[in-house]
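Single-structure report; data block below.
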Amino acid sequence: MSDEPKRVAMISVHTSPLEQPGTGDAGGLNVYVAETAKELARRGVEVDIFTRRTTGESPIIGGLVPGVRVLHVTAGPYEGLAKEELPGQLCAFSAGIMQAGLSVPEDHYDLVHSHYWLSGQVGWLAADRWGVALVHTMHTMARVKNLHLAEGDRPEPRGREIGEAQVVEAADRLIANTDGEARDLIALYDAPAGKVSVVPPGVDLTTFTPGDRHQARAELGLPRDVDLLLFVGRIQPLKAPDLLLRVAAELLRRDPGRRSKLSVAVLGGPSGTGLARPHELEDLAEQLGIADVVRFVKPVERPVLAQWYRAADLVLVPSYSESFGLVAIEAQACGTPVVAADVGGLPTAVGDAGVLVEGHDVAVWTDAVRELLDDDERRAELGRLAVKHASAFGWEATTDRLLAVYRQAIHDRTHSPIAEGEGLAGVPRAVIP
């Protein structure tokens, strides 16, 4: 068999690439799956993406672009099932994939690429059943998140940690977004260094481009002459959107005269533990006395999102943990400076084109934001650096690296007993029902 992949099965159990990022469980993972699948298809690699069906209106098989199919697998009720409840549906999801596999030749797929640990559990079975390599991308890891919890946030359960460790052991190749994530896989999950590859995510450099700030504000109905601070992402404690509001309140406490020219926008929807308190940020804005300068915006399509980035003076990314930080690289591609937490993959995403802040002290963040708001030349210089930095992170570059990992996984695949024609305890597969 050639090492060049022709057909790839991608698995994304808990969230579909067709969903709108920024709410529920849809975020950077959705973008990653959709963009790499489309780029693979442009290279002549057919991609089937298996995801869970969450609405009766979803077609069993949908299309993303020519060469990319999205297959919706029925596993549990369509709606009202939280991500934390999905482990109980992995058997049903696996059965759905196996059923779908009956409609194609046994050697149809050259490789399975699973995204997030739930998908890794299913991908483990599928790769064994089809006798192909398993490539896995964690996206986030329980042991990393639990080391960097926001105050009052709920830790990830031990069952997830165990499941992740199993996937790390089962995968033929592991993809990390950054060098730091690779180190975490090795140190926290005992992943063999030789099977960990670093493949940074990308950004759509045709959608996220520099543009005129005043024109963007006019199209969005925003005031022309304000200092606009922007947060983009899912509303949950892990992402720390509350820090943006606290910084705004501290700016106004220090300088009440700023109120007439300060505007704050929070773009996203409740997710994760944030679903339990969907109006917490609105309530916080009232408590802080800044409701008059804050607006809450539901997730938008990417061309509109790019306009929000262009309209902003600064984009804040204050996450407690971040595998990479697509928001940071998208904002920078639009020429907008980023102030981000010095955690996880954000130093890679931001590079020297933004400002990294250690910890989550409101006063320290306010100092960083105030300094940039008051220095037009520095912001302009960071904006120029941001565009240059982001230009190295196109999805084409990501897919180049991804294909190299795929070839290596196919070439070096460690054959399991099932793949080699033996079943449990050495019993030939033919006698296993």
Side-chain angles (χ1 to χ4, degrees), residues 21-23 27 150-152 213-214 216-300 304-320 327-328 330-331 334 336-341 355 357 360-374 379:
T23 188
E151 184 177 351
R213 176 167 296 145
H214 295 309
R217 291 183 178 188
E219 291 186 11
L220 296 171
L222 299 171
R224 178 184 177 93
D225 297 316
V226 294
D227 292 332
L228 177 59
L229 304 180
L230 175 65
F231 170 91
V232 174
R234 289 172 289 156
I235 309 303
Q236 57 175 271
L238 178 72
K239 302 292 185 179
D242 64 293
L243 187 60
L244 173 64
L245 304 190
R246 298 183 194 280
V247 166
E250 179 63 13
L251 281 170
L252 297 182
R253 187 194 69 78
R254 295 182 186 184
D255 182 3
R258 282 186 181 270
R259 185 174 291 271
S260 63
K261 60 177 296 188
L262 182 66
S263 182
V264 176
V266 177
L267 199 162
S271 174
T273 54
L275 290 168
R277 301 181 297 276
H279 301 293
E280 185 174 29
L281 282 186
E282 289 93 330
D283 295 341
L284 179 61
E286 292 283 354
Q287 294 166 16
L288 293 172
I290 61 170
D292 59 313
V293 301
V294 180
R295 66 181 68 208
F296 295 93
V297 183
K298 293 181 179 179
V300 295
V304 181
L305 176 58
Q307 286 292 63
W308 274 99
Y309 287 136
R310 296 181 191 115
D313 290 285
L314 296 173
V315 172
L316 274 63
V317 187
S319 306
Y320 283 89
V327 166
E330 288 173 351
C334 292
T336 302
V338 170
V339 182
V355 174
V357 181
H360 290 78
D361 183 86
V362 174
V364 176
W365 275 79
T366 304
D367 288 342
V369 170
R370 184 178 185 178
E371 180 180 335
L372 287 176
L373 287 180
D374 293 343
R379 287 203 321 278

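Excluded from the calculations below are hydrogen atoms, water molecules and symmetry mates; all remaining heavy atoms, backbone and side chain alike, are included.
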What residues, two or more places apart in sequence or in another chain, satisfy side chain to side chain donor-acceptor pair (under 3.5 Å) together with Arg295?
none
Quick one, Val339 and Val315 - any side-chain contact, counting heavy atoms below 4.5 Å?
no
Just how far is it from atom CD1 of Ile235 to atom CD of Glu282, taken to the nearest 0.5 Å?
8.5 Å
Give, for atom OH of Tyr320 and atom CG of Leu243, the distance between the pair rounded to the nearest 0.5 Å.
7.0 Å
Regarding Asp227 and Arg379, does a basic nitrogen lie under 4.0 Å from an acidic carboxylate oxygen?
no
Straight-line distance of Asp283 CG to Glu280 CD, nearest 0.5 Å
7.5 Å
Between Asp313 and Arg217, is the closest basic N to carboxylate O distance under 4.0 Å?
yes
Please evaluate residues Leu222 and Val226 with respect to the criterion side-chain contact (heavy atoms from CB on, under 4.5 Å), reporting the C-alpha separation (whole Å), side-chain torsions for both, the decisive distance (0.1 Å), and the verdict.
CA-CA 9 Å; Leu222 299 171; Val226 294; 5.9 Å; no
Shortest non-hydrogen pair, Ala368 vs Val357, comes out as CB-CG2, 4.1 Å
Do you know the tightest heavy-atom contact between Pro318 and Ala341?
C-CB, 4.0 Å
Can you list the residues that meet the side chain to side chain donor-acceptor pair (under 3.5 Å) rule with Asp242, with sequence neighbours excluded?
Arg246
Quick check: closest heavy atoms across Thr336 and Ala312, and the distance to 0.1 Å?
CG2-O, 3.5 Å
Rounded to the nearest 0.5 Å, what separates atom CG in Leu229 from atom CG in Leu251?
7.0 Å
Under the side chain to side chain donor-acceptor pair (under 3.5 Å) test, which residues partner Glu371, sequence neighbours left out?
none
Residues passing the salt bridge (charged side-chain N to carboxylate O under 4.0 Å, His left out) test with Arg259, sequence neighbours excluded, are Asp292
About how many Å separate CG of Leu316 and NZ of Lys239, when rounded to the nearest 0.5 Å?
14.5 Å
Nearest heavy-atom pair of Val355 and Leu372: which atoms, and what distance?
CG2-CD1, 3.8 Å
Flag the pair Tyr309 / Val327 as yes when at least one side-chain heavy-atom distance between them is below 4.5 Å, and no otherwise.
yes
Kindly compute the distance separating CZ (Arg310) from CD (Glu219), expressed to the nearest 0.5 Å.
8.5 Å
Search all heavy atoms of Cys334 against all heavy atoms of Ala306 and return the closest pair with its distance.
SG-O, 3.9 Å
Side chains of Leu314 and Leu230: closer than 4.5 Å at any heavy-atom pair?
no
Kindly write out the residues that satisfy side chain to side chain donor-acceptor pair (under 3.5 Å) with Asp367, not counting sequence neighbours, or none if the list is empty.
Arg254
Taken in chain and number order and not counting sequence neighbours, the residues that satisfy ring-ring contact (aromatic ring centres under 6.0 Å, His included) with Phe231 are none
What one should report as the nearest heavy-atom pair of Trp365 and His360 is NE1-CA, 3.7 Å
Set out, in order, the CA-CA distance, both residues' side-chain angles and the distance that settles side-chain contact (heavy atoms from CB on, under 4.5 Å) for Leu245 and Ile290, then state yes or no.
CA-CA 8 Å; Leu245 304 190; Ile290 61 170; 4.0 Å; yes
Please test Val293 against Ser263 for side-chain contact (heavy atoms from CB on, under 4.5 Å), starting from the C-alpha separation and ending with a verdict.
CA-CA 5 Å; Val293 301; Ser263 182; 5.8 Å; no
